[in-house]
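See structure below.
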Amino acid sequence: TIVSEFGKETYTNKFGFRTIRFEKDGFYLNDKKIKLIGLNRHQSYPYVGYAMPKSMQEDDAILLKYEAGVNVVRTSHYPQSAHFLNKCDEIGLLVINEIPGWQHIGKSKTWRNQHYENVKSMVIEEYNHPSLISHGVRIDESQDDQKLYSKSNEIVHTLDNTRPTLGVRNFKNSELLEDIYAYNDFICKDLSKGLDNPKNIKSLGKPYLVTEYLGHMEPTKATDSEKQRIYHAKRHALVVNDNFKNKDCVGAIGWCFADYYTHVDFGSGDHICPHGVFDMYRNRKYAASIYQAQQD
């Protein structure tokens with residue numbers, strides 16, 4: 001309750017208690033070691049794009065936790081609806097948060113100051129969510145920029161010393177300024193290999209997390225042939241197997257949860273990216289069953 005010259009105002013907010021830590025040998029929730037298995041999410045829907053109400057935002061969290069069976073979701077590549085995060089808090093779906101952006105780094109002072117402001121506002125606005133386990137401070141798949149990302153890390157560590165930082169890259173031997181080495185591993189080109197050996201990535205002794213895999217390597221529509229949908233599922237199964245098999249990998253988060261709107265470079269000229277294990281309407285493709293099968 002806040003009392004000011006304008007009177008008394010009362011705000012109600014739910015919160016929870018938990019302990020988290022990322023170690024080189026894994027992720028620990030309340031001192032229990034958990035292999036992270038998850039999917040990336042775009043909050044995009046048919047016809048309306050991002051303009052969906054509370055009920056649908058909550059439904060996505062429920063789908064991810066109970067139907068897809070994953071234990072972590074990455075908000076790619078921007079902070080997402082508070083309704084979605086609130087539901088993640090309620091049901092215990094872990095969240096890795098990301099700042100807005102993809103690949104591009106601006107050179108102007110205005111752009112870089114906006115980047116710092118994006119990092120700051122993300123931490124301040126979402127600090128109270130117990131489901132949140134890490135802050136992404138690097139533009140997804142961007143090149144190294146020591147000055148920019150040193151400052152990003154400093155902002156997060158100053159505002160929130162309870163959560164580690166990570167920065168997602170898609171090339172090996174990247175400069176590591178964050179607490180977690182996050183890497184988009186697209187080595188899976190067929191059914192011979194799912195994930196690269198973390199020793200080949202050189203994560204510099206830090207916890208190693210795969211933040212994206214497959215996606216554009218095997219785009220598959222819900223209307224594709226049964227043969228293609230089975231092959232798509234097998235590719236996901238191979239990666240999930242390698243995730244659990246490799247003790248040096250904290251976890252792996254697939255690209256992605258559901259098909260989404262994007263630019264003309266993807267899809268069949270319809271601006272729809274068929275990278276999901278669910279289609280845009282949240283109907284399962286065969287690949288979704290691979291994640292369902294990992295539940296207790």
Side-chain angles (χ1 to χ4, degrees), residues 38-65 67-70 72-81 83-84 87 93 95-104 136 139-142 168 170 184-186 188-190 210-237 239-240 252-292:
L39 292 166
N40 286 270
R41 178 198 186 232
H42 273 302
Q43 56 181 20
S44 177
Y45 298 84
Y47 309 116
V48 298
Y50 290 11
M52 269 296 187
K54 175 182 178 181
S55 60
M56 295 302 294
Q57 299 288 349
E58 291 182 338
D59 276 355
D60 267 8
I62 292 168
L63 272 174
L64 280 157
K65 176 72 185 280
E67 188 164 346
V70 301
V72 65
V73 58
R74 176 170 166 252
T75 65
S76 47
H77 307 105
Y78 44 85
Q80 297 184 5
S81 166
H83 301 309
F84 175 75
K87 182 55 71 171
L93 177 61
V95 178
I96 292 174
N97 214 9
E98 291 284 353
I99 53 173
W102 181 53
Q103 297 186 345
H104 173 74
I139 300 294
D140 183 75
E141 295 187 347
S142 62
V168 176
N170 61 347
N184 291 348
D185 186 345
F186 297 116
C188 182
K189 300 185 185 332
D190 49 39
V210 175
T211 37
E212 293 181 25
Y213 57 82
L214 287 177
H216 70 282
M217 305 298 290
E218 195 60 43
T220 300
K221 297 179 180 179
T223 54
D224 280 345
S225 69
E226 184 176 49
K227 180 179 179 181
Q228 171 59 30
R229 285 179 285 134
I230 290 173
Y231 182 68
H232 181 228
K234 285 182 176 180
R235 293 272 294 270
H236 277 270
V239 176
V240 168
I253 305 172
W255 190 267
C256 60
F257 162 52
D259 298 347
Y260 58 95
Y261 287 121
T262 187
H263 53 79
V264 73
D265 290 352
F266 292 99
S268 305
D270 54 7
H271 290 244
I272 296 175
C273 196
H275 292 177
V277 299
F278 288 73
D279 69 15
M280 213 174 194
Y281 296 91
R282 279 48 177 175
N283 297 309
R284 292 193 304 267
K285 302 176 189 177
Y286 287 168
S289 300
I290 301 303
Y291 296 89
Q292 289 180 301

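All values derive from a computational prediction rather than experimental measurement.
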Quick one: pull up [atom1] in [X] and [atom2] in [Y] and give me the separation to the nearest 0.5 Å.
X	Y	atom1	atom2	value
I139	W102	CD1	CH2	12.5 Å
E58	S81	CD	OG	8.5 Å
Y50	Y45	OH	OH	11.0 Å
K221	D270	NZ	CG	5.5 Å
H83	M52	NE2	CE	13.0 Å
M56	I62	CE	CD1	10.5 Å

Can you name the nearest heavy-atom pair linking [X] to [Y], along with the distance?
X	Y	value
C188	L214	SG-CD2, 3.8 Å
C256	Y260	SG-CE2, 3.7 Å
Y291	G254	OH-CA, 4.5 Å
W255	S76	CZ3-OG, 3.2 Å

Parallel, tilted or perpendicular, as decided by the 30° and 60° cut-offs, for the rings of F278 and F257: tilted
Sequence-distant partners of D140, salt bridge (charged side-chain N to carboxylate O under 4.0 Å, His left out), two or more places apart: R74
Using modelled atom types only, decide if a donor and an acceptor are shared between the side chain of [X] and the backbone of [Y] within a distance under 3.5 Å.
X	Y	answer
N40	T211	yes
K87	D59	no
N184	E212	yes
Q292	E67	yes
R229	D224	yes

Identified side-chain hydrogen bond (donor to acceptor under 3.5 Å, both in side chains) counterpart of E218 within the set H275, R235, H232: R235
Name of the residue among Q43, E98, H42 meeting side-chain hydrogen bond (donor to acceptor under 3.5 Å, both in side chains) with Y78: H42
Step-by-step side-chain contact (heavy atoms from CB on, under 4.5 Å) determination, D259 to K285: CA-CA 11 Å; D259 298 347; K285 302 176 189 177; 2.9 Å; yes
Counterpart residues, side chain to side chain contact (heavy atoms under 4.5 Å, CB included), relative to A233 (two or more places apart): Y286, A287, I290
Charged N-O contact under 4.0 Å between R282 and D60: yes
Non-hydrogen side-chain atoms of M280 and Y261 separated by less than 4.5 Å: yes
Qualifying residue, where the test is side chain to side chain contact (heavy atoms under 4.5 Å, CB included) with L39 and the options are L63, V72, L64, V73: L64
